[in-house]
Amino acid sequence: MENKLHPKVILVLLTIFLSTSHSTELQSSHTHTLLRIKRLLNFPSVLSSWNSNTDFCNTDSKASQTVVCYGEAITQLHIVGETTKPQQILPKNFSIDSFFTTLLRIPSLKVLTLVSLGLWGPLPGKIGSLSSLEIVNMSSNFLYGKIPQELPLLSNLQALILDNNMFEGHLPDWLDSFPSLTVLNLKQNLFNGSLPDSLSSLTNMRVLSLSRNRFTGSVPDLSRLINLQVLELDDNGFGPNFPRIGNKLVTCVLRNNKFRSSLPDNMSSYYQLERFDISENAFVGPFQLELFSLPTITYLNISSNKLSGMLFENLSCNSVLEAVDLSSNLLTGKLPKCLVSHSNDRTVLYGGNCLEETKQNQHEQAFCHTEAIAVGIVAERKKRKGVSKTVLSLAIVGGIFGGLALFALIFTIMIRRGNGKSMMMNSQTKLISENAASGYTSKLISDARYVPKTMKFGTVGLPPYRAFSLEEIMEATNNFDTTSFMGEGSQGQMNRGQLKEGSLVAIRSVKLTKSCRTRDFMQHIEMISKFRHQHLVSVLGHCFEHYLDDSNVRRIFIVFEYVPNGSLKTWISDRHYRKSLTWNQRIEAAIGVAKGIQFLHTEIVPGVYSNNIKITDVLLDQNFVAKISGYNMPLLSNMGKVGQGNPSSIFKSPSLKQNVKSEDKSDIYDFGVILMELILGRTIKLRNVDTLKDLLQSSITEDDEARRSIIDPSIRNACLDQSLKTMMEICVRCLVKEVEERPSIEDVLWNLQFASQVQDAWRGDSLSSDGSPISPLPCRRANFH
Ligand SMILES: *[C@@H]1O[C@H](CO)[C@@H](O)[C@H](O)[C@H]1NC(C)=O
Ligand SMILES: *[C@@H]1O[C@H](CO)[C@@H](O)[C@H](O)[C@H]1NC(C)=O
Ligand SMILES: *[C@@H]1O[C@H](CO)[C@@H](O)[C@H](O)[C@H]1NC(C)=O
Ligand SMILES: *[C@@H]1O[C@H](CO)[C@@H](O)[C@H](O)[C@H]1NC(C)=O
Ligand SMILES: *[C@@H]1O[C@H](CO)[C@@H](O)[C@H](O)[C@H]1NC(C)=O
Ligand SMILES: *[C@@H]1O[C@H](CO)[C@@H](O)[C@H](O)[C@H]1NC(C)=O
């Protein structure tokens, strides 16, 4: 294969060779230079025949050392060290700089091969002075540092081969200074960053090998590289989209990257394709059946992706196929007969799918359907509007256990949204009449008349919203006795209390610094009364305390439900004194928090964003239902502004609406941090988030074992890998730097729901089989004092 790959290189060598057949005696200065090179290379055995009597231009060429002359000038120098032994690095006193200084004495060099010689050091910029160079092959040395800035001086360069060194840094964006470049081989170095767009203009390129580096990001548009035959990008971090490539491609290796798009639907136009390896990515969508029958295909490896679709027995395939690897995808149907028929001289692997085959481990049909639905969601993420439709139809087609639940969820979201809007309109019209009637005294305020009518009905098992009297508040907290103190934050002091009928509450007191009348707050109260949801620490009511002299408002008390089981933080890592949450309980908690965020964003109008939710703000009730506390309640967060003019301006402020997009995503980020804490089982400092995100990211592509090794030990053996992986993936996506790239809260919910369902299904099986049942946590009573 290797030799076949570089016809151009061979051609160039050949041409130069033939044109130099009549060589002349070398100038003595050149002899001197070559002997000096031998010495600088520490007398390698391949140059043992070189001495002061050697007629360099007229010796037989050998693979390991060749000098080619043209007239008086040396045009080619090939020195190839021992390639069989492990590579030896040149001693400490070797200087790459003096070595190149010596090479500069042969300015006529067009072809330079210095392979496996143990060269070490950064490639000196003075290589730019060898301006005749057309082919440079310095593979398998120990060269490091960045590609020198002076390289573009080599404007005749046709092949640059630096594979198997230790070069690092970004690929410079002056690649377009080499218009005749046909071969760029940088395999196995430490290059990182994304590829420069200038790559798109190298229209003569035939071979582009960037395998085994640390490149990331999308592959620039290569469709203008109409001569490109070999594209090797394996073992990097490229993604997410399948690269745009011209149709002359012969070899395409994208193995082990971060591609997660679908395959282009014009695969059949790659009529010269021989080797197609896209294994170990996350490609989704339908597998292109035409690939089997491309006219020249010999090697096809799509293993370890999420490609779906049905295979048929009657498909046709190319008889020259040598290896086909379909393993670990989501394929259904029957293996094509034509693949099996030549099975003696052909490798055919297809395990880990849902095919109707008895050989090579297959999953149940349902597995592939469920998975295909899950990845379908991810794949369609860009087309926001199409999401629910796609998923709906998939769910119907799938018709399996996950389907119905997903359907129900969409349905609820839609219905809820509709209701939220109409509710808002009602309350706004009502507000006008209420404002007109608003009174001034404490007695009047505690009157039920001033409780927003929409909130008089209980929400999710909560008592109806109401106004509390000051007496009630004082009694509940025992006159704000120090034993009732819970804490104090920017949003005022928090005390716990017990109401007469016995229920426990948490009371926030907000002291006003400016003089305000009760009526100034009616709009706020209307707003506050809406913070009632199963996954919020809900508001039960409010109370005003007035100054006796002028009846201005002195304090506002906001009465919340009391959530007894402490914060999520205390339940995530193994403690000696109690069990930590199971994997399923963690997913449930995450779903709760996501639903709470969704409520804040979409069901309160205008949406409440930038809630700055930390794991310590997520409280668990007696049934381990997660509830968000400390959300961005407008009255509290804008307290400073209250009294400076019209407080209702807070609600009308246009910035609230305009910034919705990005504010929305800051909650997604915070949610990502909480997910990470649930997975890793510890609290995480903000400055460590990026590092840990990278850790999660890379563990996603590794094996099951590696993934488990980094998570909370107390859940390590109790979570299904697919569930864990889904959670990790959504976590990483929530934490991406580019705000627009973060998923919507609906997207997040889908994925969590999926993770929960696969886990549930698995838990059902495993209870009997692996003997490690997951016992539910005993419910804890509120511990009040
Ligand atoms: C480098 O050191 C070796 C001995 O370790 C010596 O033989 C050689 O001549 C030295 N090379 C140069 C270029 O000084
Ligand atoms: C570089 O030179 C070595 C030794 O001659 C050869 O084996 C290898 O194929 C060359 N690399 C390329 C990409 O031509
Ligand atoms: C690339 O590598 C260099 C050093 O090798 C490092 O300083 C730089 O931060 C890396 N860049 C990226 C984007 O990883
Ligand atoms: C296939 O389509 C993509 C764009 O959808 C294009 O970039 C690519 O060049 C096409 N390939 C062939 C071989 O036509
Ligand atoms: C397909 O690719 C996978 C992963 O890169 C590899 O392990 C497997 O051996 C390949 N299959 C064949 C038949 O070469
Ligand atoms: C192959 O079989 C499938 C169903 O088994 C059928 O729908 C399709 O028409 C067949 N295709 C050909 C080319 O016979």
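Keep in mind the model is a prediction, meaning the values are calculated, not measured. Just so you know, ligand 1 is whichever comes first in the structure, and atom 1 is the first atom listed for that ligand.
- In summary, the atoms of ligand 2 found under 4.0 Å from a heavy atom of Ile161, numbered by their order in the structure, are 11 (N), 12 (C), 13 (C), 14 (O).
- Between Arg255 and Glu280 no salt bridge is recorded (no basic side-chain N to carboxylate O distance below 4.0 Å).
- The atoms of ligand 2 that sit less than 4.0 Å from any heavy atom of Val80 are 4 (C), 5 (O).
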Ligand-protein N/O pairs under 3.5 Å (ligand 3):
from	atom 1	to	atom 2	distance (Å)
ligand 3	2 (O)	Asn192	ND2	2.3
ligand 3	5 (O)	Glu168	OE1	3.2
ligand 3	11 (N)	Asn192	ND2	2.9
ligand 3	14 (O)	Asn192	ND2	3.2

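- Taking any N or O of Thr347, backbone or side chain, none lies under 3.5 Å from an N or O belonging to ligand 5.
- To the nearest 0.5 Å, the span separating CG on Leu263 from CD1 on Ile278 amounts to 4.5 Å.
- A donor-acceptor contact shorter than 3.5 Å links the side chain of Gln360 to the backbone of Tyr350.
- Asp234 has its side chain out of reach of Asp277: every pair of non-hydrogen atoms, C-beta onward, lies at least 4.5 Å apart.
- Side chain of Asn141 to main chain of Leu114: a donor-acceptor pair is present (N/O by atom type, distance under 3.5 Å, no hydrogens or angles).
- Taking a cut-off of under 4.0 Å to the non-hydrogen atoms of Asn301, the atoms of ligand 5 that pass are 1 (C), 2 (O), 3 (C), 8 (C), 10 (C), 11 (N), 12 (C), 14 (O).
- Of the N or O atoms in Asp277, none lie within a sub-3.5 Å distance of an N or O in ligand 5.
- Using a 4.5 Å heavy-atom cutoff, the side chains of Asp173 and Asp197 are not in contact.
- By the 30° and 60° cut-offs, the orientation of the rings of Phe259 relative to Phe238 is parallel.
- Short contacts between ligand 2 and Asn137, defined as distances under 4.0 Å to a heavy atom of the residue, involve ligand atoms 1 (C), 2 (O), 3 (C), 8 (C), 10 (C), 11 (N), 12 (C).
- Close approach of ligand 5 to Arg255 (heavy-atom distance below 4.0 Å) involves ligand atoms 5 (O).
- Every residue two or more places apart in sequence or in another chain that forms a disulfide bond (SG atoms under 2.5 Å apart) with Cys354 is listed here: Cys368.
- Of all the atoms in ligand 5, the ones that sit under 4.0 Å from a non-hydrogen atom of Tyr299 are 1 (C), 10 (C), 11 (N), 12 (C), 14 (O).
- No side-chain donor from either of Ser95 and Asp97 sits under 3.5 Å from a side-chain acceptor of the other.
- With a 4.5 Å cut-off on side-chain heavy atoms, Leu233 and Phe215 do not count as touching.
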